[in-house]
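What follows is a set of notes on a single structure, which appears directly below.
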Amino acid sequence: MNEKHSLRYASMGLTFAFVGFAIIFRLFQLQVGSPNQDIQVYEAIDGKEWVTLTPARGDIYDRHGRLMAGSQLIYEVAIELYEVLNPATIALVTSVELGLDYHEVLLQASQSPADAPSTHITLNYFVPYEKAQELLDLQKALDKDPVKAGKSADGKLHSLSGLVVTPRLDRSYPEGDLASNVLGLVDKEGKSHNGVEEKLQWLLSGVEKQEIVSTNPYLAMDLPEISDGASLILTIDREIQDAVEEILDIHVKKTGSYAGSIIVMHPRTGEILAMASVPRMDLSGEWNVGETYQEGHAFNMAIDGYEPGSVFKIITMAAALDSGVATPDTPFTDTGGLNVEGWTIRNWDGGAWGPQTMTTCMEHSLNVCLAYISTELLGQTRFYDYVKAFQFGRPTGIELAREYPGHVRFNNEDNWHLIDLATNSFGQGIEVTPLQMLRAVSAVANDGKMVTPHILKAVVNRGHQYAIAPEVAGAPISAETAHTLSEMLAQIVESESYTEMPDNIRVAGKTGTATIYNSNFTNASFVGWGPVDDPQFMVYVWLNKPTVSQWASLMASPVFVDVVERLIVLMDIPPDHVRLSMAAE
Amino acid sequence: MDRVLDFTQAYSQTPWRKQVQGIGIFLIALVVMLMAASVFVSVTAQTAALGKEIQRYRQNIETLEFEIANMESQLAILTSTSVMKRRAIELGFRSATSEEITYINVPGYTGRDHIELAEPAQPVVSTTLVLSPRYTQSWVDWLSQQFRAPLIPLAEVEP
């Protein structure tokens with residue numbers, strides 16, 4: 001072998017050795033290097049890609065399985081810059097079909113993919129089915145015969161290549177504004193706000209997953225499975241909700257109220273059958289929160305705080321009866337004023353009502369009498385123990401977002417004064433929600449047991465339906481106290497002279513008028529239930545700032561009557577005489 | 001010695017016969033290889049076609065699910081409270097009052113049934129292959145898999 005040949009062999013050997021080492025180095029890098037880089041290489045060479053798998057959002061139904069929140073098919077129209085062949089065609093078609101600005105779209109579609117901040121530009125995220133189909137048909141026609149469509153001004157053949165129309169599911173509310181205050185909403189970005197949508201977002205949305213998905217047809221079986229969001233069955237009855245909303249709308253308008261709320265609850269189970277609120281939003285079309293809600297409006301007035309006024313007297317009287325410091329016949333002489341720490345408590349009419357009993361104190365809603373009970377008969381410790389037992393100042397835990405917890409100034413707090421004890425007894429100086437009041441008063445309607453209000457009846461997840469069991473929130477008073485007070489409140493309703501109460505069913509209840517601090521307005525409330533001997537419903541009415549009259553007996557009581565009239569029909573509750581005769585058979 | 005050479009020459013193959021045998025063996029090997037390759041290509045093509053079909057069916061499933069959800073919403077809109085009320089009024093109906101209702105005692109009737117929205121139980125159908133790949137994959141598949149498999153399983157890698 002001469003020198004020339006040996007040089008050739010050496011150079012060949014070196015070349016092979018270099019290539020060999022390079023291969024070994026690369027293999028080593030692939031196996032031991034950073035995983036993400038490896039994955040990227042793997043994706044590039046083996047047809048795999050990271051995809052975000054978004055589960056379908058769960059539906060929401062009423063108690064009879066009627067859809068209240070579901071999904072609708074809409075389309076996202078976007079530009080994929082890498083695939084754009086003729087920006088002018090895209091601009092022209094989208095301006096005609098979707099009403100977009102021609103020049104703006106042209107500018108966006110003409111960008112170089114390398115220079116653009118993103119190669120995927122969303123033009124419209126909410127294109128309805130019909131428009132999307134028109135775009136897809138145009139795209140197909142142009143793909144089939146590009147020459148037929150001619151050329152754009154710049155001489156290029158017309159093409160919609162790069163215009164991407166992607167289907168996706170968006171939230172749909174078939175019932176429009178019905179129970180919108182309960183449902184809440186999901187915005188265009190997919191974020192849930194208020195109501196059940198926000199509170200139970202974790203159940204409804206399911207779990208988003210990121211997976212490597214193979215585009216390789218040989219690996220088509222390796223499809224990752226994801227579970228869709230759970231569907232919810234609410235305790236709401238669509239028919240009752242509709243009737244109650246209609247009644248509330250009429251009365252808010254009639255009384256010139258600023259806002260209002262009605263809750264209908266089953267006193268035995270705590271199931272909310274209807275929860276109406278004014279104002280409320282129509283979720284079926286384009287909605288605007290700012291236009292619907294003004295200052296002082298809550299998305300759901302039923303879980304917003306306010307001073308309840310005389311409906312709270314039920315709690316004070318329950319405490320007095322239960323602790324044994326008073327009976328329905330305990331006498332009281334109303335002198336028209338009660339001095340507490342230099343402040344004088346007066347009645348709603350400023351008058352002195354003379355000799356009374358506890359029953360007539362409630363019947364005439366005498367502030368002086370109730371303040372006397374709290375300050376002289378009960379005392380601060382016992383009164384606030386009962387307030388705690390009725391769970392005021394604590395949210396009910398209902399499955400609705402943004403529930404206001406209420407506010408009670410207890411006697412162990414620094415800024416508490418004896419006057420608070422007096423005013424709290426008739427529902428002033430204390431902040432509660434209509435739902436908290438309903439929870440507390442349910443103890444009177446339900447043999448002393450206070451129920452936990454709930455709006456979720458069942459959860460449907462992965463083929464199984466899980467029922468939500470009713471819960472007892474506590475037993476702040478005895479069954480005997482509950483029956484006694486219930487009878488007192490039934491007598492009060494029967495003696496009601498301002499409003500004609502239902503005559504075919506016996507109901508119990510109490511009005512409440514609370515002055516709003518530093519204003520001439522009031523809050524008018526009514527809480528009632530029936531039939532008294534076997535309660536099937538509880539109704540809470542709150543009208544905020546009625547302008548026709550300030551008194552709840554004139555403003556809120558008629559609302560209660562209208563609601564009861566409809567409930568009797570919708571809940572198949574026979575008149576008392578029919579029901580009792582049926583039971584006797 | 002000459003006798004031995006003669007004997008060997010008498011029973012040895014002629015050079016042209018050796019050539020023919022060599023060519024024959026080569027051709028047989030070539031045919032076998034071509035047959036194996038054609039079978040491999042055919043099976044691979046069928047697998048790829050089926051894989052693509054499965055992918056297309058999956059897309060169809062997604063589209064159908066979207067359309068079902070959309071139709072359920074459309075149906076709910078058509079039967080919504082406001083629409084049904086309007087239709088009832090147009091047909092001359094109105095809400096009954098409590099005085100207009102006659103109640104009768106129906107023994108055994110307990111009111112409206114409890115709603116059940118969960119789908120009835122379905123037989124569990126596995127979407128993964130029942131047989132282990134070692135019984136189904138070819139030697140080439142196995143070799144290819146061994147070369148391509150990264151050290152860290154993909155499922156354990158966070159994005």
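Naming: A, B, ... by sequence-line order, numbering from 1 per chain. Heavy-atom basis, side chains included; hydrogens, waters and symmetry copies ignored.
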Tell me, for [X] versus chain B, whether the close heavy atoms (under 4.5 Å) come from the side chain, the backbone, both or neither.
X      : value
A:R63  : backbone
A:E246 : side chain
A:H64  : both
A:I573 : backbone
A:Y173 : neither

Which heavy atom of [X] sits nearest a heavy atom of [Y], and at what distance?
X      : Y      : answer
A:Y61  : B:L117 : CD1-CD1, 3.3 Å
A:P174 : B:S80  : O-CB, 3.6 Å
A:G463 : B:A118 : O-CB, 3.5 Å
A:P575 : B:Y103 : CD-CE1, 3.5 Å
A:R168 : B:F66  : CA-CE2, 3.7 Å

Is it the backbone or the side chain of [X] that comes under 4.5 Å from a heavy atom of chain A, or both, or neither?
X      : result
B:I104 : backbone
B:I101 : side chain
B:T44  : both

Could you tell me whether a side-chain N or O of B:E116 sits under 3.5 Å from a main-chain N or O of A:Q465, the two making a donor and an acceptor?
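Not confirmed, B:E116 side chain does not pair with A:Q465 backbone.
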Would you say that more than 12 heavy atoms from the other residues, nucleotides or ligands in this model lie under 6.0 Å from the CZ of B:R56, or not?
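Check passes, neighbour count above 12.
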Quick check on B:M71: does its CE atom have over 12 non-hydrogen neighbours (other residues, nucleotides or ligands) under 6.0 Å away?
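Open: at most 12 neighbouring heavy atoms sit under 6.0 Å from CE of B:M71.
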At a heavy-atom distance under 4.5 Å, which candidate from [options] has the highest pair count against chain B?
options                       : value
A:G65, A:P502, A:A56          : A:G65
A:P167, A:S172, A:G70         : A:P167
A:L169, A:D59, A:V460         : A:L169
A:E565, A:Q72, A:E239, A:Q241 : A:Q72
A:I74, A:V578, A:I233         : A:I233

Looking at side-chain heavy atoms only, is the closest gap between B:E100 and A:V569 below 4.5 Å?
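No, too far: nothing below the 4.5 Å cut-off.
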Hey, does A:L73 have a side-chain heavy atom less than 4.5 Å from the side chain of B:E67?
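The answer is yes, as the side chains (C-beta and beyond) meet within the 4.5 Å cut-off.
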Are B:T81 and A:E175 close enough that a side-chain donor and a side-chain acceptor fall under 3.5 Å?
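Yes - a donor-acceptor pair under 3.5 Å links their side chains.
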Quick one: CG on A:L178 to OG on B:S82, what's the gap to the nearest 0.5 Å?
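So the gap between those two atoms works out to 8.5 Å.
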Could you go step by step and tell me if B:E99 and A:N504 meet the side-chain contact (heavy atoms from CB on, under 4.5 Å) rule?
CA-CA 9 Å; B:E99 290 79 26; A:N504 50 4; 4.1 Å; yes
Which one, B:E62, B:K85, B:Q74, B:E65, leads in non-hydrogen pairs under 4.5 Å with chain A?
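Most pairs with chain A among the choices: B:K85.
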